[in-house]
Amino acid sequence: MNPKVIPVPFSDALDRYVHRIGHFMAWSYVLLVLVIILQVVLRKGFASGLIALEEIQWHLYAIGVMFGLASVQASDGHVRVDLFYMRFSQRKKRWVEVLGILVLLLPFLIIVFLNSLDFVWESWRMDERSSATAGLPFRWLIKAVIPTAFGLMIIAAISRLYREIYLLLKEGE
């Protein structure tokens with residue numbers, strides 16, 4: 001199913017916004033590869049790796065994955081494992097999408113988003129840092145990726161929901 005064949009201006013604008021951020025954040029993978037190479041050279045070539053570089057690797061990977069999820073949601077690129085969906089009519093598929101977004105996806109995204117705000121706030125309040133002596137400070141900064149990325153996923157889900165409802169109504173005419 002490719003609902004983007006029919007333009008839906010509001011949804012298209014939201015999707016472009018999410019994709020723009022997702023594509024920008026995808027550069028974290030380039031940085032990740034460079035940091036890994038540097039860490040390998042330091043460790044294997046000079047027998048001294050840096051804990052901070054290890055932590056930066058985890059952070060960059062987390063950034064890529066979290067923002068990548070939002071981008072995948074906006075492009076409807078997620079994996080569907082189903083036995084019946086592919087046999088449904090277009091209208092029935094749209095209803096499944098609407099109900100899935102309203103009953104499963106949005107509640108989950110909102111719960112994670114709201115709970116992650118306290119998680120980030122507490123980390124910032126405590127000035128949380130790595131437990132390793134040579135680790136990174138500002139742990140709240142990487143934790144802030146969670147509500148930011150989930151906020152983007154909520155935008156992508158709303159865009160998807162709007163698109164499906166719009167197309168349902170349009171087909172009903």
Side-chain angles (χ1 to χ4, degrees), residues 1-33 56-125 128 138-173:
M1 174 169 86
N2 188 358
K4 292 198 176 189
V5 173
I6 301 169
V8 181
F10 176 71
S11 289
D12 292 343
L14 289 177
D15 291 345
R16 276 192 304 275
Y17 173 73
V18 171
H19 282 300
R20 203 172 303 126
I21 292 173
H23 288 150
F24 177 75
M25 298 311 260
W27 283 97
S28 67
Y29 285 118
V30 174
L31 293 174
L32 175 61
V33 169
I56 288 172
Q57 288 175 38
W58 304 335
H59 293 191
L60 290 171
Y61 183 70
I63 289 168
V65 168
M66 294 297 288
F67 286 98
L69 288 172
S71 196
V72 166
Q73 178 61 35
S75 64
D76 192 30
H78 54 281
V79 176
R80 284 186 176 89
V81 180
D82 64 74
L83 300 173
F84 308 105
Y85 186 83
M86 64 184 145
R87 294 187 192 117
F88 287 171
S89 68
Q90 197 66 20
R91 187 164 182 75
K92 207 179 269 190
K93 285 180 182 179
R94 292 197 196 293
W95 274 111
V96 168
E97 290 293 322
V98 167
L99 291 173
I101 291 168
L102 287 174
V103 175
L104 301 171
L105 182 60
L106 275 175
F108 170 74
L109 294 176
I110 290 167
I111 288 169
V112 172
F113 175 80
L114 292 175
N115 284 298
S116 68
L117 294 174
D118 291 335
F119 185 61
V120 174
W121 167 251
E122 190 60 24
S123 180
W124 182 79
R125 189 189 65 74
E128 186 180 6
F138 313 123
R139 180 64 57 92
W140 60 269
L141 198 53
I142 190 61
K143 288 182 176 184
V145 166
I146 299 168
T148 307
F150 271 79
L152 270 180
M153 283 186 252
I154 290 169
I155 291 170
I158 289 169
S159 168
R160 179 79 184 164
L161 179 64
Y162 181 84
R163 179 182 306 280
E164 294 299 334
I165 291 171
Y166 176 86
L167 294 174
L168 265 171
L169 294 173
K170 191 154 182 86
E171 286 172 355
E173 291 176 354

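Only a predicted model underlies this, so the values are computations on that prediction, with no experimental measurement involved.
Minimum heavy-atom separation, S159 to D15: OG-OD1, 2.7 Å. Residues L106 and A157 approach most closely at CD2-CB, 3.8 Å, considering heavy atoms. A pairwise comparison of heavy atoms in L32 and Q57 identifies CD1-O, 3.4 Å as the closest pair. Annotation for Q73 and M153: closest pair CG-O, 4.4 Å, computed over non-hydrogen atoms. Of all the heavy atoms in K93 and F88, the pair that sits closest is CE-O, 3.4 Å. The two atoms that bring A149 and A70 nearest to each other are O-CB, 4.2 Å, heavy atoms only.
We find the CH2-CG distance between W27 and L60 to be 14.0 Å, quoted to the nearest 0.5 Å. Taking CG of L105 as the start and CD of E97 as the end, the distance is 9.5 Å to the nearest 0.5 Å. Remark: M25 CE to R20 CZ distance equals 14.5 Å, nearest 0.5 Å. One finds the CZ atom of F113 at 6.0 Å from the CD1 atom of I154 (value rounded to the nearest 0.5 Å). F24 CZ to I63 CD1: the interatomic distance, rounded to the nearest 0.5 Å, is 10.0 Å. Atom CG of L14 and atom CD1 of I158 lie 8.0 Å apart (nearest 0.5 Å).
A side-chain donor-acceptor contact under 3.5 Å links Y29 to the backbone of V65. At least one donor-acceptor pair closer than 3.5 Å links the side chain of R91 to the backbone N or O of L168.
F138 and W140 have perpendicular rings, their planes meeting at more than 60° on a 0 to 90° scale where under 30° would count as parallel.
If you run side-chain contact (heavy atoms from CB on, under 4.5 Å) between S11 and each of R163, R160, E164, only R163 comes through.
Between L161 and L102 the shortest side-chain heavy-atom distance falls below 4.5 Å. Residues F67 and V145 meet the side-chain proximity criterion, which asks for heavy atoms closer than 4.5 Å.
The side-chain hydrogen bond (donor to acceptor under 3.5 Å, both in side chains) check on T148 picks up nothing, with sequence neighbours excluded. Contacts of S116 classified as side-chain hydrogen bond (donor to acceptor under 3.5 Å, both in side chains), with partners at least two apart in sequence or in another chain: none. By the ring pair (Phe, Tyr, Trp, His ring centres under 6.0 Å) test, Y61 is found to be paired with no residue, residues two or more places apart in sequence or in another chain being considered.
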Could you please spell out the steps behind the salt bridge (charged side-chain N to carboxylate O under 4.0 Å, His left out) verdict for E122 and R125?
CA-CA 5 Å; E122 190 60 24; R125 189 189 65 74; 2.4 Å; yes

